[in-house]
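Counting starts at 1 for both ligands and their atoms, in listed order.
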Amino acid sequence: MVNEAHPPRAQDLEELRALQKTGREKDDKVHAKHLESLSETLRSNARETGPRVVKGEPKHAYIPGSPRSLEASGSQFAKAVSDTGLKPVVVYHNLTPAELYEKALQYEPSTHIVSSGALATLSGAKTGRSPKDKRVVREATSEKDVWWGEGSPNFEMDEKTFVLNRERAVDYLNMLDRIYVFDGFAGWDPKARKKIRVVCARPYHALFMHNMLIRPSEEELAEFGKPDFTIYNAGAFPANRHTSYMTSSTSIDLNFKAREMVILGTQYAGCMKKGVFTLMNYWMPKEGILSLHSGCNEGKSGDVTLFFGLSGTGKTTLSADPNRELIGDDEHCWGDDGVFNIEGGCYAKAIGLKKENEPEIWNAIRYGTILENVVFDEETREVDFDNSKITENTRASYPIEYIDNAKLPCVGGHPKNIIMLCCDAFGVLPPVSRLTKEQAMYYFISGYTAKVAGTEQGVTEPEATFSACFGSAFLVWHPTKYASMLAEKMEQHGTRVWLINTGWTAGSYGVGYRFKLRHTRAIVDAIHSGELGAAEYETIPVFNLQVPVAVTNVPSELLKPSNTWADKDGYDRTLNNLADLFKSNFEKYADGGGFVSAEVAHTIVKSGPQ
Ligand SMILES: Nc1ncnc2c1ncn2[C@@H]1O[C@H](COP(=O)(O)OP(=O)(O)OP(=O)(O)O)[C@@H](O)[C@H]1O
Ligand SMILES: O=C([O-])CC(=O)C(=O)O
Ligand SMILES: [Ca+2]
Ligand SMILES: [Mn+2]
């Protein structure tokens with residue numbers, strides 16, 4: 001029976017659908033300004049003006065003779081269009097997560113919704129950063145500031161080659177049916193923040209930067225204007241291997257003078273966030289602000305802690321603390337007013353994630369969160385966080401406010417404590433030590449961690465990594481520039497420094513085991529409660545590190561690794577071997593790098609292992 005009491009409000013389906021959505025009047029002037037600015041961003045080097053940029057679905061942008069109409073007529077020449085001047089570019093500017101979900105699900109075959117509501121996707125062949133393919137343009141305005149040569153992460157490129165790669169990326173983007181732009185900020189201090197524009201081909205990349213940058217308000221977006229820096233992400237398109245300097249089909253190129261970055265041949269989203277970080281590592285020290293690869297949180301009394309550490313050492317895991325407000329998990333600046341986060345979101349390692357161990361991160365994995373390269377059940381859409389079939393480096397990207405006790409805005413006072421994290425797979429460094437000022441410099445410049453050599457069967461030898469300032473891959477200036485700024489700030493604010501090993505004990509990887517997360521957390525709690533500031537210490541040999549005799553909720557025998565090794569000779573040998581690795585790594589800093597005197601450098605060297 002038809003219910004005549006409720007006659008339809010619409011006469012046909014189209015009318016019915018029109019009733020479904022409401023919209024607000026948009027300011028035409030703001031709209032036109034955005035289109036003009038987007039067109040300028042997409043201008044190729046070879047043209048006076050940018051392409052015709054339109055908003056809305058491509059069908060509205062249909063023009064006779066365009067590649068679309070050729071495509072519609074079944075022409076085999078559909079894709080063979082060289083004249084981008086006649087092709088309109090449909091640009092989606094600062095879409096909301098809901099809109100980006102829809103685009104991703106519609107156009108990206110590898111993108112799915114999982115049971116928590118998060119968006120699972122694949123980054124393609126590259127599932128981690130490509131530091132060897134990162135290049136910095138050598139040009140007059142920045143040349144003298146940049147750390148070049150041996151040990152530096154900044155492989156050079158000339159301006160001409162950058163233009164070639166930029167053109168390749170821009171042409172690729174202009175030929176697509178639809179592209180995505182996200183405008184946002186880097187840096188929570190309004191005085192220091194930079195306007196970042198990301199142009200990309202994949203909705204997933206736009207959602208990633210929506211999560212990772214600081215999201216502008218409607219007013220801020222209306223007044224955004226010219227960006228300070230633009231990222232062209234053409235990651236699905238390879239670099240031309242015949243171009244100078246290209247060592248592979250991947251190329252990530254930074255140009256400080258042009259204020260641009262070009263990504264070719266990698267879709268791993270982390271490249272974009274660490275590109276922004278590299279930029280800040282160049283710009284911030286120029287303004288007297290120290291940028292750091294670190295997590296950050298704040299206690300109830302307003303005491304701030306920075307967590308330094310290389311990838312996988314525990315910055316994200318340990319900065320998420322139920323008793324403390326999260327300021328950020330990966331990139332911070334320390335200026336005259338205190339600290340501020342660079343980012344608007346977190347990028348957590350997801351491998352082995354368990355609700356019991358990391359409830360804050362677990363709960364952040366929901367609608368709006370991107371899950372990169374995870375494996376899930378085809379029917380139930382339950383994620384198997386233990387599965388590393390695609391990569392060990394599975395990741396979750398979410399806005400910082402998805403962590404319940406995040407502090408917004410993400411700023412804090414001057415740090416009371418600095419915790420330097422390492423994951424020592426050799427199993428010889430103590431779970432916690434208190435560092436002197438000189439030791440703090442030594443361990444900061446050394447930037448030690450040791451990874452397990454690989455996930456292959458039978459490979460048990462850990463591999464030591466020394467990465468200056470716990471993030472050499474992202475540095476622009478010489479490491480001693482950051483180190484001398486850190487020394488000055490710590491001195492001025494009386495910051496205490498601790499070294500925590502979140503890695504192995506009772507033997508190297510393969511024999512011993514990784515410190516339990518609950519023990520590491522108990523150590524962090526003891527630092528924050530003041531317990532370790534007042535504790536009794538003894539000094540262990542070779543590294544001359546001061547180790548507490550007792551820590552609440554940590555078995556005392558764990559505090560000195562020599563206690564936990566069954567093979568005592570093996571312990572001594574491994575300890576001395578690691579000391580030698582530290583010493584030979586530090587040789588290159590013995591002269592102070594021009595930023596600290598040779599005399600100061602000498603006292604720092606003396607504080608390392610002997
Ligand atoms: N004792 C421990 N302390 C800290 N983390 C531990 C410990 N034991 C295991 N882990 C695991 O180690 C990993 C630490 O990774 P985390 O994401 O915190 O690294 P990160 O320092 O933030 O690196 P990145 O800069 O790459 O983001 C997590 O997967 C965590 O579950
Ligand atoms: O940059 C990335 O891809 C992840 C990260 O935080 C790091 O490696 O330090
Ligand atoms: Ca992290
Ligand atoms: Mn990081």
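Near Asp330, the atoms of ligand 1 lying under 4.0 angstrom from a non-hydrogen atom of the residue are 25 (O), 27 (O). Below 4.0 Å from some heavy atom of His293 lie the following atoms of ligand 1, by number and element: 25 (O). Counting the atoms of ligand 1 from 1 in the order shown, those under 4.0 Å from a heavy atom of Ser311 are 23 (O), 24 (P), 25 (O), 26 (O).
Annotation: Phe385 is in aromatic contact with Trp362 [ring centroid separation under 6.0 Å]. Aromatic pair His210/Phe182: centroids less than 6.0 angstrom apart.
Protein heavy atom nearest atom 8 (N) of ligand 1, with residue, atom name and distance: Arg514 NE, 3.4 Å. For atom 14 (C) of ligand 1, the closest heavy atom belonging to the protein is Gly312 O, 3.5 Å. Looking only at heavy atoms of the protein, atom 25 (O) of ligand 1 is closest to Lys315 NZ, 2.8 Å. Here the heavy atom of the protein found nearest to atom 4 (C) of ligand 1 is Leu517 CD1, 3.6 Å. Atom 29 (O) of ligand 1 has as its closest protein heavy atom Ile351 O, 4.0 Å.
When Arg395, Arg129, Lys349 are checked for heavy-atom proximity to atom 27 (O) of ligand 1, Arg395 turns out nearest. Which of Thr317, Asn357, Ile361, Ile500 comes nearest to atom 30 (C) of ligand 1 through a heavy atom is settled by distance: it is Thr317.
Within 6.0 Å of the CZ atom in Arg496, the count of heavy atoms belonging to other residues, nucleotides or ligands does not exceed 12. Within a 6.0 Å radius of CG in Asn405, more than 12 heavy atoms belonging to other residues, nucleotides or ligands are found.
Residue Phe515 has at least one N or O atom closer than 3.5 Å to an N or O atom of ligand 1. An N or O contact shorter than 3.5 Å links Gly314 to ligand 1 by distance. At under 3.5 Å, not a single nitrogen or oxygen of Asp329, backbone or side chain, sits near a nitrogen or oxygen of ligand 1.
Residue contacts with ligand 1 include Glu358, since one of its heavy atoms falls under 4.0 Å from the ligand. Under the 4.0 angstrom criterion for non-hydrogen atoms, Leu310 is in contact with ligand 1. Judged by the shortest distance from any of its heavy atoms, Arg521 lies outside the 4.0 Å radius around the atoms of ligand 1.
At a threshold of 3.0 Å, the Ca ion (ligand 3) has a backbone or side-chain N, O or S atom of Thr316 nearer than that distance.
A donor-acceptor contact under 3.5 angstrom links the side chains of Asp133 and Thr247, judged on distance only. In summary, the side chains of Lys134 and Thr278 do present a donor paired with an acceptor at a separation below 3.5 Å, with no hydrogens or angles considered. Side chains of Asn281 and Ser291: a donor-acceptor N/O pair is present below 3.5 angstrom, by distance only. Judged purely by distance below 3.5 Å, without hydrogens or angles, the side chains of Ser311 and Arg129 never pair a donor atom with an acceptor atom. Tyr347 and Glu372 share a side-chain donor-acceptor pair at under 3.5 Å. Donor-acceptor pairing under 3.5 Å is recorded for the side chains of Asn373 and Ser123.
Residue contacts with ligand 1, taken as heavy atom pairs separated by less than 4.0 Å, do not involve His519 at all.
In this structure the side chain of Glu358 reaches within 4.5 angstrom of the side chain of Thr317, judged on heavy atoms.
Geometry note: the Mn ion (ligand 4) is the vertex, Lys274 NZ and Asp330 OD1 are the arms, and the angle is 110° (rounded to 10 degrees).
None of Phe466, Phe308, Phe582, Tyr448 except one satisfies the ring-ring contact (aromatic ring centres under 6.0 Å, His included) rule with Tyr443; the exception is Phe582.
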